[in-house]
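Hydrogens, waters and symmetry mates are skipped; everything else that's a heavy atom, side chains included, is used. Letters go in sequence order (proteins before strands), and every chain restarts at 1.
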2 protein chains.
Amino acid sequence: MRPEDREQIRRLNIFEGMDDENFDELIRASYLQTFPAQMELITEGEPADFLHIVIEGCVELFAQANGRESTMAMVYPVNSFILAAILKDAVYLMSARTNKKSRVLMIPAINVRRIFDTDPAFSKAMVVELSNCYRSVVKDHKNIKLRTSVERLANRLLRYRIAQQTDDITLPYDKKLLASNLGMTPENLSRAFNTLKPYGVRVDGNKISITDVDELANFAKPTPLIDDQSV
Amino acid sequence: MRPEDREQIRRLNIFEGMDDENFDELIRASYLQTFPAQMELITEGEPADFLHIVIEGCVELFAQANGRESTMAMVYPVNSFILAAILKDAVYLMSARTNKKSRVLMIPAINVRRIFDTDPAFSKAMVVELSNCYRSVVKDHKNIKLRTSVERLANRLLRYRIAQQTDDITLPYDKKLLASNLGMTPENLSRAFNTLKPYGVRVDGNKISITDVDELANFAKPTPLIDDQSV
DNA sequence: AATGTTTCTTGATAATTGTCAATCCCAGGA
DNA sequence: TCCTGGGATTGACAATTATCAAGAAACATT
């Protein structure tokens, strides 16, 4: 592992308060792997053997049942995914695959759990991380239950606008994936974009211009309790 | 507080490994309150001041946005709700109201956080509890994203059948609430029950008979990764 | 027992969303 | 440069679900 990677990882919230010896042990036991796009990292239903942390690239968490599939979340650097199954020593409830070429740190679950039991700063940080994961899923669930698909798209565009600090946003992944993440078909996503035309949304491939943010926000009706990722 | 209540609470997973002094402190600081039905206990968006534990009765967690409302979960004795907001010292993302007359233990967040930091058995138990909460929401989210409303009803009936260990189940709360919890309107719930008639489902008020469990399961296609509450 | 209120059902209709198919466009590889 | 494969759009149609309204049924109150 390169020293700059090690430093980057050390600065992660979940590791930064950790005792030095424990961190060294964790890193020694870990694998930092590069995966090509569309590589399945974990499969739902299997035992959780590693804690994964996205160092570079992007990972899609998805679920499958009865011949259907849906994108549950996108994980960006530098974030972990599926912490609960590790802490509970349970099976994964979702699968994960790389969306683009990615570098992923894989920490054996057994080490995570051992250090969790012995390093208070680490266990506290893990709890905060897990709380964030829980609240994020609750917000996603509210989004699906309380909004129509067009409203979900509108709010997502407003979120990208804030994150990218520009009215001219670039979708971070392809529209098929965005549709699945927002709980609709690609066809319906196309239609939703067209529905937002009267609210000033201009579409050119993966470039979206928001020409009247007030109109769009008036339609979308964002609420921090769903849309603010820091809440 | 009655000794039998205290004993019951002590036996909860999250408290049973806790140091005696810490438990005494927690109980001294807490309130055990009886609330009538339809009493709002917490409101989304407000700071999380207490950890609530349902001792008797039933509590509905619900969310509101843009004039709409949806039931997110039902909490039964003896369970806590909305742990993440306490641990993170954040606002509630959902509201809660009693569904029937209920007894609820309210523990000040400040005491929870203090003991969390000092009692390793308690913090470990809290993490397992939080992991369970996270996984439960993930499963609910998968249920909504991957199934039609009729399929959701069918799987819910199969779940009640297992829990009640009988083909003749009693719905645990009214149909309006069940509809909201399953993410549909009451009208659509009525229709969904009718759709399940050819699969052997007989409805008499809040009594439901499952007369052909294989046919129903063949339609419902349950999967432990969504439907098994112990996974 | 009568009355009032709430829940639930049912029908008609509208709206939303999915499915299927055809076509276009773009990116990557030979 | 050409070809191929995959993503995206659009249209037609189907399916699912919501909305509105009326009536029936169940429950609570006087």
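- Between A:D227 and A:R147, at least one side-chain nitrogen of the basic residue sits less than 4.0 Å from a carboxylate oxygen of the acidic one, meeting the salt-bridge criterion.
- For DNA chain D, the neighbouring residues in residues 182-192 of chain A, judged by any heavy atom under 4.0 Å, are A:E187, A:S190, A:R191.
- A 4.5 Å side-chain heavy-atom check between B:I9 and B:V78 finds every atom pair outside the cut-off.
- For B:N206 and C:dT7, the CG to P distance is 14 Å, given to the nearest whole Å.
- Nearest nucleotide to the A:T148 side chain, out of D:dG7, C:dT17, D:dT10: C:dT17.
- The nearest whole Å value for the distance from the CG atom in B:L146 to the P atom in D:dT16 is 17 Å.
- Taking atom CZ on A:F193 and atom C1' on D:dT10, their separation rounds to 16 Å, with Å as the unit.
- As a whole-Å value, the separation of A:Q38 CD from D:dG6 C1' is 11 Å.
- Dashed line: the shortest gap from a side-chain N or O of B:N194 to OP1 or OP2 of C:dT10 is under 4.0 Å.
- Below 30°, between 30° and 60°, or above 60°: for B:H141 and A:H141 the angle between ring planes is above 60°, a perpendicular geometry.
- Checked by atom type, the side-chain pair B:T170/B:N206 shows no donor-acceptor distance below 3.5 Å.
- Each of A:R156, A:K176, A:E60 was scored for a side-chain hydrogen bond (donor to acceptor under 3.5 Å, both in side chains) with A:N181, with one residue passing: A:R156.
- In this structure, A:L153 atom CG and D:dT9 atom P are separated by 11 Å, rounded to whole Å.
- For the pair A:K100 NZ and C:dA27 C1', the computed distance is 16 Å after rounding to whole Å.
- Spacing between atom OH of B:Y173 and atom P of C:dT7 amounts to 16 Å, rounded to whole angstrom units.
- Checking C:dT7, D:dT17, D:dA8 against the side-chain heavy atoms of B:K176 singles out C:dT7 as nearest.
- A cation-pi arrangement is not found for A:K88 relative to B:Y134, the charged atom failing to lie both closer than 6.0 Å to the ring centre and inside a 45° cone about the ring normal.
- A straight line from NZ of A:K207 to P of D:dA8 spans 14 Å, rounded to a whole angstrom.
- The aromatic rings of A:Y173 and A:Y76 sit parallel, their planes meeting at an angle under 30°, below the 60° perpendicular limit.
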